[in-house]
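Data block below; observations after.
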Amino acid sequence: MSDASIPTSIARDNDASFGDYFALLKPRVMSLVVFTAFVGLVAAPVAVHPVVGFCAVLFIAIGGGASGALNMWWDADIDRIMKRTQSRPIPAGKVEEPEAMNLGIALSALSVIMLGLATNLYAGAFLAFTIFFYVVIYTMWLKRATPQNIVIGGASGAFPPAIGWVAATGSLTLEPILMFALIFMWTPPHFWALALFMRNDYDDAKVPMLTVTHGRRTTRVHILVYTLLLAILAVGTGFTAVGGLIYLSVAVVLNILFVIGAIKIWRRDEDASERDNFKAERSFFRLSLLYLFLHFGAIMAEALLKPYGLGGW
């Protein structure tokens with residue numbers, strides 16, 4: 001049968017749309033990159049022209065999207081296996097793997113070069129390192145090699161606020177390191193909670209997530225330990241230059257709730273988990289999304305209110 005005999009409506013259904021290519025950039029992850037990078041930019045003690053600030057956040061977002069496209073290109077084989085990822089553009093047959101790779105490489109180069117030109121070379125180099133870390137260190141190496149994949153690899157998702165700070169100041173100080181550490185320590189309990197009720201996906205794809213290699217009991221202990229360390233870090237950040245009464249109030253309340261959630265997960269046994277459909281894990285995971293947004297929202301509020309003598313200490 002010739003191509004001409006195929007109905008036009010069917011042919012169009014198989015074509016990739018703009019939405020399919022945009023989905024390659026992992027827009028939900030990109031939204032976190034944009035927000036935390038913007039907070040890092042705003043919290044920096046240097047005034048940035050609005051146009052420069054907009055360009056900085058835009059190119060950091062494009063760099064994050066480029067990382068997502070390259071991640072989907074490399075992980076296409078396991079994305080076809082995992083139920084959670086089977087609807088992504090490549091396993092769904094909407095976008096070819098070479099297209100995703102080329103898009104990721106092109107956007108990576110564009111974002112790094114333009115961020116360097118719009119702000120400073122340090123920020124551009126920092127973004128280049130972040131893309132390399134996520135794509136090569138995490139995606140190509142750690143993800144399939146060690147149960148500590150999300151611990152070490154999580155650093156790539158923690159870099160954006162530091163990049164925003166460097167874009168504004170051209171230097172790295174304690175405050176952006178603390179913002180980096182906040183995301184870095186949040187990432188393992190956030191993803192391990194997800195892995196607890198999505199373990200079969202990682203089993204099927206043979207991804208050595210902690211739940212697969214060491215079991216759910218060990219994962220629950222790890223979630224509790226990291227949550228306790230995160231709570232100390234998060235509350236302690238409230239007494240630094242990016243903190244203040246607003247941030248400290250938010251941090252105390254959120255971390256009490258987060259620790260309580262981690263304790264509930266730690267105290268559960270496997271029979272209870274199966275019977276209750278992992279309600280505690282799902283609740284903790286949802287809270288973890290709100291947790292990071294509100295912490296960085298509080299840091300931004302402190303920074304925006306400082307000129308009026310209301311933010312900071």
Side-chain angles (χ1 to χ4, degrees), residues 26 28-41 43-44 60-61 63-64 67-68 71 123 126-139 141-143 145-167 172-195 209-210 219 221-243 247 250-251 254-255 258-259 261-262 284-285 287-300:
K26 294 189 174 182
R28 284 188 293 182
V29 176
M30 191 194 297
S31 65
L32 179 63
V33 169
V34 169
F35 180 60
T36 57
F38 178 72
V39 172
L41 195 74
I60 293 171
S67 299
N71 172 270
F126 202 167
L127 179 60
F129 173 76
T130 301
I131 296 171
F132 171 82
F133 194 98
Y134 182 74
V135 175
V136 178
I137 303 299
Y138 169 66
T139 301
W141 175 31
L142 293 173
K143 186 172 184 177
T146 171
Q148 295 300 311
N149 47 21
I150 203 63
V151 177
I152 306 170
S156 57
F159 285 133
I163 300 174
W165 184 285
V166 172
L172 199 61
T173 57
L174 175 63
E175 290 78 12
I177 293 174
L178 288 173
M179 287 189 279
F180 162 88
L182 192 62
I183 303 176
F184 181 77
M185 293 299 294
W186 163 88
T187 302
H190 165 74
F191 273 99
W192 283 332
L194 173 66
M209 192 63 72
L210 190 65
T219 303
V221 174
H222 276 65
I223 288 176
L224 178 60
V225 171
Y226 270 85
T227 300
L228 291 173
L229 294 174
L230 172 62
I232 295 171
L233 171 68
V235 174
T237 300
F239 297 98
T240 67
V242 294
Y247 172 88
V250 170
L254 281 174
N255 282 279
F258 215 47
V259 169
F284 183 87
F285 178 76
L287 177 61
S288 71
L289 298 173
L290 188 64
Y291 178 98
L292 203 63
F293 173 78
L294 290 179
H295 274 81
F296 274 84
I299 291 174
M300 181 172 64

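This structure is a prediction, so every number in the text was calculated from the model and none was measured. Residue numbers start at 1 and run along the sequence shown.
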- Query: What distance do Ile60 atom CD1 and Phe126 atom CZ have between them, rounded to the nearest 0.5 Å?
  - Reply: 9.5 Å
- Between the side chain of Thr139 and the main-chain N/O of Tyr134, is any donor-acceptor distance below 3.5 Å? yes
- Any side-chain donor near an acceptor of the partner, Glu175 and Thr173, under 3.5 Å: yes
- Are any side-chain N or O atoms of Ser67 and backbone N or O atoms of Gly63, one a donor and one an acceptor, separated by less than 3.5 Å? yes
- With sequence neighbours excluded, tell me which residues meet side-chain hydrogen bond (donor to acceptor under 3.5 Å, both in side chains) with Asn255. Tyr291, His295
- Message: Is any side-chain heavy atom of Phe184 closer than 4.5 Å to one of Leu233?
- Response: no
- Where is the tightest heavy-atom contact between Ile183 and Thr187, given as atom of each residue plus distance? O-OG1, 2.7 Å
- Item | Distance, nearest 0.5 Å, that separates CZ of Phe258 from NE2 of His190 | 9.0 Å
- Task: Taking all heavy atoms of Ser156 and all of Gly153, pick out the closest pair and write down the distance.
- Result: OG-O, 2.8 Å
- Close side-chain approach of Phe35 to Met300, heavy-atom, < 4.5 Å: yes
- Could you pull out the closest heavy-atom pair between Ile223 and Ala193, with the gap in Å? CD1-N, 3.8 Å
- Approximate separation, where rounding is to 0.5 Å, of Asn71 CG and Lys26 NZ: 3.5 Å
- Does the pair Phe133 and Tyr138 meet the rule for a ring-ring contact (aromatic ring centres under 6.0 Å, His included), with working shown? CA-CA 6 Å; Phe133 194 98; Tyr138 169 66; 8.5 Å; no
- Would you check if Leu142 and Val151 make a side-chain contact, meaning some heavy-atom pair closer than 4.5 Å? no
- Worked verdict on Leu194 versus Phe191 for side chain to side chain contact (heavy atoms under 4.5 Å, CB included): CA-CA 5 Å; Leu194 173 66; Phe191 273 99; 4.3 Å; yes
- Note on the structure: Scanning both residues in full, the closest heavy-atom pair of Asn149 with Lys143 reads ND2-O, 3.1 Å
- Separation of Leu210 CG from Thr146 OG1 (nearest 0.5 Å): 9.0 Å
- Specify whether His222 and Trp192 have parallel, tilted or perpendicular ring planes, treating 30° as the upper limit for parallel and 60° as the lower limit for perpendicular. perpendicular
- Message: Would you compute the distance between atom CZ of Phe129 and atom CD1 of Ile163 and round it to the nearest 0.5 angstrom?
- Response: 10.0 Å
- Query: Leu228 and Ile232: side chain to side chain contact (heavy atoms under 4.5 Å, CB included), yes or no, with the steps?
  - Reply: CA-CA 7 Å; Leu228 291 173; Ile232 295 171; 5.7 Å; no
- Item | Worked check of side chain to side chain contact (heavy atoms under 4.5 Å, CB included) between Ile152 and Trp141 | CA-CA 11 Å; Ile152 306 170; Trp141 175 31; over 6 Å; no
- Query: Does CZ in Phe180 sit with more than 12 non-hydrogen atoms of other residues, nucleotides or ligands closer than 6.0 Å?
  - Reply: yes
- Could you pull out the closest heavy-atom pair between Ala167 and Ala123, with the gap in Å? CA-CB, 3.8 Å
- Task: Verify, without hydrogens or angle tests, whether Thr36 (side chain) and Leu32 (backbone) share a donor-acceptor contact under 3.5 angstrom.
- Result: yes
- Interatomic distance, CD1@Ile177 vs CG@Leu182, rounded to 0.5 Å, equals 14.0 Å
- Note on the structure: Heavy-atom nearest pair, Ser288 first then Trp186, reads O-NE1, 2.8 Å
